[in-house]
Amino acid sequence: MRRVLLLTITLLSLALGGASCGELPYFRFLGPEEGMQPAEGVTFKLRVPLGTTRASLQVRLDGQELNPADWQIVNTEVTGPLGPLGPGPHRLEAEMPLDFVVFTANARVTRSFEVAGGLSFDLNPSVEQVQITGAVSGLDVELHDASGALVDAGVTDYQGSLVFFAVPPGTGYRVVALSSPPEMSEPFDVVSVEDSTPPQEFYDAQVLEEGYGYVTTRDGTTLSVFITLPGPVEDGPYPTVVNLSGYDPSQPGVSLLPPDDPFYDLLTGLCNLNPEKDPLDILCNGPTHPTGLIAGLLGYATVGVNLRGTACSGGAYDFFDDLQVLDGYDVVEAVATQDWVLHNEVGIVGLSYPGITSLFVARTQPPSLSAIVPLSVLANAVTSTLAPGGIFNDGFALEWGQTVLDRADPFGHGWDAERAAAGDQICADNQLLHSQKVDIIAKARSDIFYPPELADPVAPELFADRILVPIFTTGSWQDEQTGGHFPAMWDDFTSSPIVRRQAFNGAHADGLGPHTLVEYKLFLDFYVAKQRLPLPIEVSGLAPLLFEQLFGGAVQLPLDRVEEFAAYPSFEEALAAYEAEDPVRIVFESGGTPGLEGAPRETFDARFTSWPPPEAEARRFWLHQDGSLRDFTPSEASSASLFRHDAAKGQETLVTLDGGPAPASFFWNAWQEGRQAVFVGEPLTEDLVVVGHASADLWLRGGVEEAELEVMLSEVRPDGQETYVQSGWLRASQRALAAESTELRPVQYHLEEDFLPVPTDRFELARVEIFPFAHVFRAGSRIRMSVASPGGNRARWRFDLTEYEGEVVHAVAHSAEHPSSLVLSVIPGITPPVALPPCALRAQPCRDYVPHVNTLE
């Protein structure tokens, strides 16, 4: 009865004026959708009864009848074009007679939709990104996929720019601006990283010349470059190295010294010694990046490139996102095609930021990359520097990130604004996306745990096995910037044919010390130039002056290494001899050479076949109730030392009086009572050479369910002085060990699912990874280990520690049931050639030894 009533009402409504019958399945609009439509290519689709003819059907758009000759009728569907359409709302009507059982009536159906106008701004689909410039500020913009579903939305910034990041690859995307009237783009594709590599012709078509210019990357973004050649272009081709970073590698040529420097006139005179181009000219009109400057002096062409989103380079800045890394691939391939590039291959060199960049770019495996030289780098951006042991470093790590982020603002470098003001329109236009930089500080602070989705992509140790070219890498154990954790990836370079590793005590800038520079030259000659280049006499003569300025000591280059390989009859024989050397070189006691105290010159070195050194023996020292470190376990049934948590200590640093790494630069704060537990070994009967990772295996009980720890090692010398050696850190709730942990190296993943509250009613084992180091504890000296809240033992590092109401005291057990201990990587059979060196070494400060009495439970 209900169905009969509904049918009667429908028939009556049709008979009384042809009202809408959109609910009838055999007469209704199937398209267009009722939402937003583009101006071009819109069609209508209408479901009609079988047998419908053009003569029986009327279709009207905004009251105007459409031409039936343009339609297609197939069975029960009618389709026809509607474009081009003006922006704004539109209304479709269709009307036709329908035969019912007892009469015929006109039926009418309607469909309303809105048409967007074409874009009034610029759109650039990129690799897993969509970039917008030239819009009005504050415009709401949406990204839709091919089905019309919303993928992302945002608001244009004060420059009228917007970037959609991490867009899934796909076809048929559209951008919709919610303006009045709305605007919509034509369909476009977003390509994947894997499908984005341009053909070789893209690189071959680019011409790069000496001086300042731009290189074009695969998404059309231009990066600023500065190129130097060691001689006239017609005398090339030249071996070539590239330096990429967010610093100022593309800044047009500058003088090594500013005009107000007392040596400026001397430098200018050196640059003008010869009327024709001279290798020393680069000192007065050279790159700002030191590894490039040195390479230029050694006869290499240099190419300095600013990363995407910095200086005069286009795009938006992020910390090693996929596009930034792909830019490096494009730079390598575009530079390698130039006529002035020897072998049509290039190397990538750099200390710190550009050195880290070289690892990321090498991961993409550019065909024309010959070798990389990453100096003073890190193994994992999070666990090496940002949050060692899971504790946030709000000293250098935060300061560096904020500085780089601030300079990624439009015209944030200064010289870029000068170029734009002087008429460089490319530089000016490239600033438009700089305001879309990613807030890397917010990302860094987004999680107290290790977030794999954010952190794994910026962890070189996790992709080191994808690097296929020769590598020369170095680092300083006490590096006050990137940290001394770099050897954690030294055994991960499993696909590189040659990996030369070198480490030494010292600071960040010591990566350019004389013990590195000669090895740097040899490596570049063997794997980039692929020939032995002569060392200009001007360079060797100038070296002491440069070292005096940089390191506070007039040290000569160790030229015996250059002469050693120059003596071989052929390049092939020299190369074979070089590759026959043990690839791991450890430099000891930089700053301790008699007569050159404080200067970056070692007392001796040692070589090993691999890392960790296969000769290493784990030597364990146990903590005892009397504050001693001994080679036997404690016997007390119950025994523990207490130390007070001190959040303020996290903001203390190893003070550098003038910012340098020389021993005279440091002031090491004294102990404060109650906030550490200290354990000191017996005087050694013979020299103890330690090389590698170390572990403090502590049975810990917390005063609260968290404990932030620093374990610090030092050498108490027979002369009553104490030398800093190394530290390690751990947020004890993140103590869960990974499967690859060894006796000498505990490894934690710091994942949220591994969270373990620190027990307050019992002792549990927490293993603290002490960053790797090399040190000789001399006979007569004693090993000293402290356990305390982090802080005060490394220059420029600070720690964001938890603050509590009231006093919090932790306990470290040293009993038969809970025997805490220290494990060192001892290398037998090495005899240092000199006696006890000066107390203070490079980046290893010295202070008067003050005995400490622990507070026992």
Side-chain angles (χ1 to χ4, degrees), residues 17-23 27-48 54 57-72 77-96 106-125 130-157 159-162 164 167 171-190:
S20 172
C21 61
E23 72 277 6
F27 187 47
R28 60 190 175 92
F29 276 110
L30 302 176
E33 298 291 334
E34 292 187 345
M36 194 83 63
Q37 301 297 320
E40 300 283 347
V42 182
T43 62
F44 76 86
K45 181 181 290 187
L46 185 66
R47 175 66 54 81
V48 296
R54 286 176 171 85
L57 178 65
Q58 286 184 322
V59 181
R60 293 182 291 274
L61 174 65
D62 300 330
Q64 298 295 316
E65 189 170 345
L66 300 179
N67 185 0
D70 296 332
W71 304 344
Q72 288 186 339
E77 287 188 358
V78 179
T79 59
L82 294 179
L85 300 174
H90 292 272
R91 179 181 174 87
L92 271 172
E93 295 177 289
E95 188 172 346
M96 69 176 296
N106 281 339
R108 187 174 70 247
V109 291
T110 63
R111 171 63 58 92
S112 296
F113 62 94
E114 191 168 13
V115 167
L119 296 185
S120 60
F121 48 83
D122 294 324
L123 171 68
N124 182 36
V130 177
Q131 304 161 357
I132 292 169
T133 55
V136 297
S137 174
L139 178 64
D140 289 304
V141 182
E142 295 180 346
L143 178 65
H144 296 178
D145 65 16
S147 70
L150 180 66
V151 176
D152 204 349
V155 180
T156 56
D157 62 28
Q159 294 198 106
S161 301
L162 178 65
F164 292 115
V167 178
T171 61
Y173 280 100
R174 292 183 188 268
V175 161
V176 176
L178 304 183
S179 51
S180 182
E183 302 173 23
M184 177 182 284
S185 72
E186 292 297 312
F188 60 84
D189 299 339
V190 174

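- Of all non-hydrogen atoms in Gln37 and Phe113, the two that sit nearest each other are CG-CD1, 3.9 Å.
- Side-chain atoms of Ser137 never come within 3.5 Å of backbone atoms of Gln159 as a donor-acceptor pair (strictly under, hydrogens ignored).
- Nearest heavy atom pair, residue Pro81 against residue Thr43, reads CA-CG2, 4.2 Å.
- We find the OG-CZ distance between Ser161 and Phe121 to be 11.0 Å, quoted to the nearest 0.5 Å.
- Among residues two or more places apart in sequence or in another chain, the salt bridge (Lys or Arg N to Asp or Glu O under 4.0 Å) test is passed with Arg54 by none.
- Looking at Asp189 and Tyr173, their side chains never come closer than 4.5 Å, going by heavy atoms from C-beta outward.
- Here the closest heavy-atom approach between residue Leu150 and residue Glu142 is recorded as CD1-CB, 3.6 Å.
- The minimum heavy-atom distance between Gly88 and Pro181, with the atom names listed, is N-CB, 4.5 Å.
- Between Ile132 atom CD1 and Asp157 atom CG the span is 10.5 Å, to the nearest 0.5 Å.
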Test side-chain contact (heavy atoms from CB on, under 4.5 Å) applied to Val48 and Phe27, step by step: CA-CA 5 Å; Val48 296; Phe27 187 47; 4.2 Å; yes
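- Counted within 6.0 Å of CD on Glu65, heavy atoms from surrounding residues, nucleotides or ligands total more than 12; the atom is thus considered enclosed.
- The CD atom of Glu183 sits 7.0 Å away from atom CG of Leu139, with the distance rounded to the nearest 0.5 Å.
- With rounding to the nearest 0.5 angstrom, the CG atom of Asp145 is 11.5 Å from the CZ atom of Arg174.
- Nearest heavy-atom pair, Gly117 versus Pro87, reported as atom, atom and distance to 0.1 Å: N-CB, 3.6 Å.
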Test log, rule side-chain contact (heavy atoms from CB on, under 4.5 Å), inputs Phe164 and Val151: CA-CA 10 Å; Phe164 292 115; Val151 176; over 6 Å; no
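- In this structure, Leu46 and Leu57 have side chains that are in contact, with non-hydrogen atoms separated by less than 4.5 Å.
- When all heavy atoms of Val155 and Leu162 are compared, the pair lying nearest together is O-CD1, 3.7 Å.
- Looking only at side-chain heavy atoms (C-beta outward), Glu77 and Arg47 come within less than 4.5 Å of each other.
- Expressed to the nearest 0.5 Å, how far CG of Leu92 lies from CZ of Arg111 amounts to 8.5 Å.
- Other residues, nucleotides and ligands contribute only 12 or fewer heavy atoms inside 6.0 Å of the CD atom of Gln72.
- At least one side-chain heavy atom of Leu61 sits under 4.5 Å from a side-chain heavy atom of Leu85.
- Side-chain contact between Phe188 and Val130 is present, with at least one heavy-atom pair separated by less than 4.5 Å.
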Candidate pair Arg108 and Arg60, rule side-chain contact (heavy atoms from CB on, under 4.5 Å), full reasoning: CA-CA 11 Å; Arg108 187 174 70 247; Arg60 293 182 291 274; 4.1 Å; yes
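- The distance from atom CD of Glu93 to atom CG of Leu66, rounded to the nearest 0.5 Å, is 10.5 Å.
- Put simply, the side chain of Asp152 does not reach to within 4.5 Å of the side chain of Val167, judged on heavy atoms.
- Below 30°, between 30° and 60°, or above 60°: for Phe29 and Phe44 the angle between ring planes is above 60°, a perpendicular geometry.
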